[in-house]
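See below for the structure under consideration.
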Amino acid sequence: MFALVDCNNFYVSCERAFQPKLAGQPVVVLSNNDGCIVSRSAEAKALGIKMGEPLFQVRPLIEQHQVQVFSSNYALYGDMSSRVMNYLTDVAPEVEVYSIDEAFLGLHGMQRYFGSLEKYARDVRAEVLQRTHIPTCVGIAPTKTLAKLANRVAKKDASLGGVLSLEEPECRQWALTQVPIEDVWGIGRQYATKLYDQRITTAADLARCSEAYARKHLGGVVGARLVRELQGFPCHQLAPSEDGTLARKSIACTRTFGRPLHRFDDLLAAVAAFTSRAAEKLRQQGSVAHVLTVFLSQNRFGNTPPPHTRSAQITLPAATSNTLDLVSYAHAILLRIWQPGTIYVKAGVVFDGFEAAGQPQLNLFEKAPEITRPQSAALMQQLDKLNARFGRATVQVAAALSPKGQTAPWQGQTQHRTPARTTSWDELWEVG
DNA sequence: TCTGGGGTCCTAGGACCC
DNA sequence: TCTGGGGTCCTAGGACCC
């Protein structure tokens, strides 16, 4: 049996955890640059504010109903997330951290002790709420897809009190009929449209389809697994997280700029800063990367015809997580893709091809690459330490720097940000 | 005026090899 | 005009997820 624990409106709930007066009010949290709505309270949803909608389009609605608006504060959300995940790791035999606000629990053998797992789920839910002030819903089922589905029903149907278990087959059948096809995990816009055309409108309809049908119309083996999972046959294992965090297979840092840029130096400053940030994340999870991609994007909403993005990728001579090396490679890639006179609105850096740090794969046919910076590991450690202690980007590579006293040209403004509170010395909660 | 960011997995097709 | 039958590896792109 699996359980899916999913935090309700996570970013909004994080803001509310520190501002109880927000309870019962419509609240939204914005994406980077205050561009889009990325989290909504139940009250905000009821007003018709959609997920992912640009802020400027819902401005009238927001003003009319005095919706509380916050810029996103990922330091806070990340910290709150680890509190929730740490607790789950303590109370479940196996935990897979699936995203910042969701975790699958592996509950193999637990029924022996608990009989029904519903009571267990209710206890977990109550305890998470008490410890973190984050409300959750829990779905329990024999497959991950059904656990997702149970969770969805628990969220929608208030009479269930935030928990639904599909241990009993009759209950499973009922739940399948409650979920429209577009809300099934793995069915996005394209597939939903296609399925509606064929009169398949609920999860129950899809569960009655043949594997062959799913294979043909829903992306091959992915679709086949989806249908099998709805039928109660597990096709996805739990991927337990050792330490309550996610080990990534790729790491990216990409941003839309605060204003359009065209000068090479400005773009280099952005790319160098993004590379540094991504390298930090890379070191944090103890990986080194072998593959580096850099891209530049033009405005996709403007009149310029596609493609809007130019990118280039290189395989590094040796896998590394050293910021200085990575920035110089990124610089070289940027020289290849940058075109004078072109207006860019976004850039990004992606690392791929990971190995565990300290144990690079041996290449039997070539001389081991020379280590160019013998002291680099220690240097990076100091760098990370300083930036953790005194705030991100306290120490940076020169290419990322902007003239004294100025914010970087690529940086945007956020006008609705709340203090970091739990993670920054400058922004500690003030009492009194 | 203003339109996010960070991931995963799979498939098809080309290059290359024997 | 005829022009095999496998493999593997890589990349680009699609679809989806939160």
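Naming convention: chains lettered A, B, ... in sequence-line order (proteins, then strands); numbering from 1 in each chain. Just so it is clear, the structure is predicted and the values come from calculations on it, not from any experiment.
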Classify Ile187(A) by what it touches in the nucleic acid, base, sugar-phosphate, or nothing, heavy-atom distance under 4.0 Å.
sugar-phosphate
Would one find a side-chain N or O of Arg259(A) under 4.0 angstrom from OP1 or OP2 of dC2(B)?
no
Face-to-face stacking of Phe301(A) with dT3(B), centres under 5.5 angstrom, angle under 30°
yes
Could you tell me how far apart Tyr98(A) (OH) and dC16(C) (P) are, to the nearest whole angstrom?
13 Å
Heavy atoms only, 4.0 Å cut-off, all strands: where does Gln57(A) land among base, sugar-phosphate and nothing?
nothing
Taking atom P of dC17(C) as reference, at what distance in whole Å does atom CD of Glu229(A) sit?
14 Å
Looking at every strand, decide which applies to Val349(A) at a 4.0 Å heavy-atom threshold: base, sugar-phosphate, or nothing.
nothing
Step through it carefully: locate the ring centre of Phe264(A), locate the ring centre of His331(A), and say whether they are under 6.0 Å apart.
yes
From CD of Gln190(A) across to P of dT11(B) the rounded distance in Å is 17 Å
Among dC16(C), dC17(C), dG6(B), which nucleotide sits nearest the side chain of Tyr191(A)?
dC16(C)
Given atom CD of Glu182(A) and atom C1' of dA15(C), what is their separation to the nearest angstrom?
17 Å
Any side-chain to backbone donor/acceptor pair from Arg125(A) onto Val138(A)? Under 3.5 Å, distance only.
no
Do His290(A) and Glu355(A) have side-chain N/O donor and acceptor atoms under 3.5 Å apart?
yes
Side-chain donor-acceptor contact under 3.5 Å, Thr145(A) with Arg225(A):
no
For Ile251(A), answer base if it contacts any base atom (sugar-phosphate contacts may also be present), sugar-phosphate if it contacts only those atoms, and nothing otherwise; contact means non-hydrogen atoms under 4.0 Å.
sugar-phosphate
What is the ring orientation for Tyr98(A) with Phe104(A), classed by angle as parallel under 30°, tilted 30 to 60°, or perpendicular over 60°?
perpendicular
Provide, to the nearest angstrom, the distance between the CG atom belonging to Asp352(A) and the P atom belonging to dA12(C).
12 Å
Could you tell me which nucleotide pairs with dC18(B) by Watson-Crick or G-U wobble geometry, both distances under 3.5 Å, or answer none if nothing does?
dG5(C)
Strictly below 4.0 Å: does Lys346(A) bring a side-chain N or O up to OP1 or OP2 of dT3(B)?
no
At 4.0 Å (heavy atoms only), tell me whether Arg300(A) reaches a base, stays on the sugar-phosphate, or touches nothing.
sugar-phosphate
Just to be sure I understand the rule, does Lys148(A) reach a base, reach only the sugar-phosphate, or reach nothing, if contact means heavy atoms closer than 4.0 Å?
sugar-phosphate
Select from Tyr74(A) and Lys281(A) the residue whose nearest nucleotide in DNA chain B is closer to the 5' end of that strand.
Tyr74(A)
In whole Å, I'd like the distance from the CZ atom of Phe56(A) to the C1' atom of dC2(B).
6 Å
Touch check for Val350(A), heavy atoms < 4.0 angstrom, all strands: base, sugar-phosphate only, or nothing?
nothing
Is Ser99(A) close enough to dG7(B) that one of its side-chain N or O atoms is under 4.0 Å from OP1 or OP2 there?
no
With heavy atoms under 4.0 Å as the rule, sort Asp101(A) into base, sugar-phosphate or nothing.
sugar-phosphate
The side chain of Asn32(A) is closest to which nucleotide in this list: dG6(B), dG4(B), dT3(B)?
dG4(B)
Whole angstrom value for the distance that separates P of dC17(C) from CG of Asn151(A):
14 Å
Shortest non-hydrogen contact from Arg172(A) toward Glu167(A):
NH2-O, 3.8 Å
Could you check which of dC9(B), dT11(B), dG7(B) has an atom nearest any side-chain atom of Arg225(A)?
dC9(B)
Could you tell me whether the phosphate oxygens of dG6(B), OP1 or OP2, come under 4.0 Å of any side-chain nitrogen or oxygen in Thr254(A)?
yes
Whole-Å distance separating the NE2 atom of His290(A) from the P atom of dC10(C):
11 Å
With no hydrogens and no angle check, do the side chains of Ser41(A) and Asn9(A) hold a donor and an acceptor under 3.5 Å apart?
no
Using the C1' atom on both, measure dC2(B) against dC18(C) and round to a whole Å.
24 Å
For Val38(A) and for Gly219(A), find the nucleotide of DNA chain B with the closest heavy atom, then tell me which residue's nucleotide is more 5'.
Val38(A)
Hey, is the side chain of Ser72(A) poking within less than 4.0 Å of OP1 or OP2 on dG5(B), counting only N and O atoms?
no
